[in-house]
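Notes for the one structure printed next.
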Protein chains: 2
Amino acid sequence: MMEEHRHVTIYDIAEKLNLATSTISRALKDHHTISDKTIKKVKQTAKEMGFVPNTLAAGLRGNKSRTIGILIPTVTQPFLSSLISGIEITAQKSEYSVLIMQSHDSYEMEVNLAKSLYSNRVSGVICSLAMETKDTSHFKQFSNNNIPLVFVDRVPRDYDTFRVVINNYLAGYKATKHLIEQGCKRIAHLTAGSEFGTLYNERKRGYMDALIEHELPVDEKLIINLKEMTYEDGVKACNQLFDLKIRPDGLFAPGDILAVSAVQTAKKRGIKIPEEFAVIGFNDDPISKIIEPNISTITHPAEKMGKAAAELIIKNLKSAKEEDAKEITFLNTQVLIRESSKRI
Amino acid sequence: MMEEHRHVTIYDIAEKLNLATSTISRALKDHHTISDKTIKKVKQTAKEMGFVPNTLAAGLRGNKSRTIGILIPTVTQPFLSSLISGIEITAQKSEYSVLIMQSHDSYEMEVNLAKSLYSNRVSGVICSLAMETKDTSHFKQFSNNNIPLVFVDRVPRDYDTFRVVINNYLAGYKATKHLIEQGCKRIAHLTAGSEFGTLYNERKRGYMDALIEHELPVDEKLIINLKEMTYEDGVKACNQLFDLKIRPDGLFAPGDILAVSAVQTAKKRGIKIPEEFAVIGFNDDPISKIIEPNISTITHPAEKMGKAAAELIIKNLKSAKEEDAKEITFLNTQVLIRESSKRI
DNA sequence: TATTTTAGCACAACCGATTGCAAATAGCTT
DNA sequence: AAGCTATTTGCAATCGGTTGTGCTAAAATA
């Protein structure tokens, strides 16, 4: 029965057992210089007294907190919450904690939160960049101080550090190729931003190359640049597409929400899916297999990516070789063919 | 230009300015005993040197870490990720960090993670209980040590601490009443567990009282107890309902996923919604307004609940009155009437 | 029995910010 | 110029583990 206030410390245990605190500390970690008898006695007493180690103290001493910091735009997107889940599960196994911060896609917040993570002396950082972020110098504080840094999904192009991503170019290519194989001739595409190397741009490149390779024209009218990747913007864009003199007969949407908006807009207009309009989305969000018709999509292995990122950090922390290769981890994606695009 | 390794500390600043570390510490927090001139000078130098305070050290000293611990079953459920979002946003405003742990509905993990949060000397804990949890004595360590504890949504019945919840009884009542008002006579219900006082049980009580109040019979065959609140279990249950000699003409599902499975199962059988079968769900998950027909639902203000919980902790930390009333915060829910139940 | 080795533990200095208290300097008053 | 108050700043202890170094006693070897 533990009581009020003052926490139990190794000093309390040391006093009770007439041992030095160093012995207690070592005994609790099964240090080889401590006899089994002492270890057993210490552990027993610690449990009895209700001792719980103070990670702050340990962290201060070692200047590391056994904490992984996550800096992402938001936690509510299915992809990102699954990413968190993957990280947390992996971290938990190695007794790491997970600190979460949301940038809400704001560059300014990202800068502040990065500082805050550093202030918390996190052992490592996993980040998916804010939409607004162009400059990534606020991450130098981690690199400079030997804090492993892993970017996931939305990664910077020009920063030499760990990256866990999918091959967006290839995914875009595969998605588009699938539509072509289903007989689509005029495939539309939604995208965002325009800088080279970004995730949406890569998908677009894959889309275009697939068209070119199959000798289909790339029609700028069929490529719509969205401000935001929301359901509403998707509806707007699709209406625009359907108003064209010659309607597209297929769509590669780089997100399932957009695919949903396309499917529903088409249905509302009486356009038959997939016969008149085939749709493929991206991410394999839960909704994609519930909506009717089910939406074909590209898998985006969120949990796996989280796991991979966390493992990179934990592994890197262990080995701590100064010059570990800052490799890029590519995870595979698959084309899931469902009703929305299956014509043959 | 900051460099390698050793972090900049207040000692470094003190040395550079020929001041005591105490002065630096105070200056950085605008302590009134430090002159404006010194404050300005210190802050300037701190910035130049790239000083970032070490929260571990501060936390150790004060035995509090400005961190809020979140202990929930999983982060991937929409309700819970929104909850996190609300907490994080609120915490961020007061410069708190957020530590997240997933119990995966396991009692054993919950116990371990609670200890881990305590080990991290979190300033407060926000918890939604694991499905398995019956005994809550592992939370005593927080109460005993003056660490504010707030339960959200899935709360214990017999623990005297802060609770942030909706009135599940009333919500169940309102949902059912709505169906009755739409002319339903045989309303089915899905539920889980059976102990008194749990969230699902409260909803069921509301459901039953609404029936009774409107002089409709409570038919046990129309109440199905699910193992898990999954889409698949929902489909199974609905098929069971539709196989009855006299089919129900309405359903109150205590979760939108279940409502979706009901809607889709009904459609597959050619049962018209809402004419032959009216459905109302719970939570207002994103999917409920996307699926066709749109699903009527009960709002479950996740972000608000997160905000409320975080505020309770932060407020409680400030005032620190030993005997603050451990009140229960009830947030309102609304009936959102959409296509799936609108008959008149 | 003398000597070397090894096991087992204690000492004390950290890690970096905070804070009560003492001390020093400055500013006013008479 | 002495006396006093108000303003600033410094000293040193503290939070609780961790860890390099050194000492002691027991075990192993000669």
Using whole Å, what does the distance between atom [atom2] of nucleotide [N] and atom [atom1] of [X] come to?
X	N	atom1	atom2	value
B:Y11	D:dG10	OH	P	14 Å
A:R26	D:dG20	CZ	P	8 Å
B:N54	C:dT18	CG	P	10 Å
A:L28	D:dT19	CG	C1'	15 Å
B:H31	C:dT18	NE2	P	11 Å
A:R61	D:dG17	CZ	C1'	9 Å
A:N63	D:dT19	CG	P	12 Å
B:L19	D:dT8	CG	P	13 Å

**Complete:** Ranking B:K64 and A:T23 by the position along DNA chain C of their nearest nucleotide, the one closer to 5' is A:T23
**Request:** Specify the residue among B:T33 and A:L60 whose closest nucleotide of DNA chain D lies further upstream toward the 5′ end.
**Result:**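 On the 5' side of the pair lies B:T33.
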From the list [options], which nucleotide is the closest neighbour of the side chain of [X]?
X	options	value
B:H7	D:dG17, C:dT18, C:dG16	C:dG16
A:S22	D:dT18, D:dT19, C:dT19	D:dT19
A:T21	C:dT19, D:dT18, C:dG16	D:dT18
B:S25	C:dT19, D:dT9, C:dA12	C:dT19

**Message:** Taking the ring centre of each residue, are A:H7 and A:F51 less than 6.0 Å apart?
**Reply:**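 No, the ring centres sit 6.0 Å or more apart.
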Name the nucleic acid region contacted by [X], choosing base, sugar-phosphate or nothing; use a 4.0 angstrom heavy-atom cut-off, strictly under.
X	answer
A:T9	sugar-phosphate
A:S35	sugar-phosphate
A:N18	sugar-phosphate
A:I34	sugar-phosphate

**Message:** Salt bridge or not between B:K43 and B:D30? Use side-chain N to carboxylate O under 4.0 Å.
**Reply:**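 B:D30 and B:K43: salt-bridged.
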**Message:** Between A:S97 and B:N120, is there a side-chain donor-acceptor contact under 3.5 Å, judged purely by atom types and distance?
**Reply:** yes
**Prompt:** Hey, is the side chain of B:T55 poking within less than 4.0 Å of OP1 or OP2 on C:dA17, counting only N and O atoms?
**Reply:** no
**Message:** Just N and O in the side chain of B:T38: are any of them under 4.0 Å from OP1 or OP2 of D:dT9?
**Reply:**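 Affirmative; the distance criterion is met.
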**Request:** Could you tell me the separation between the CD1 atom of B:I87 and the CD1 atom of B:I126, rounded to the nearest 0.5 Å?
**Result:** 3.5 Å
**Request:** Take B:L71 and B:F139 through the side-chain contact (heavy atoms from CB on, under 4.5 Å) test and state the conclusion after the steps.
**Result:** CA-CA 11 Å; B:L71 181 42; B:F139 290 102; 4.3 Å; yes
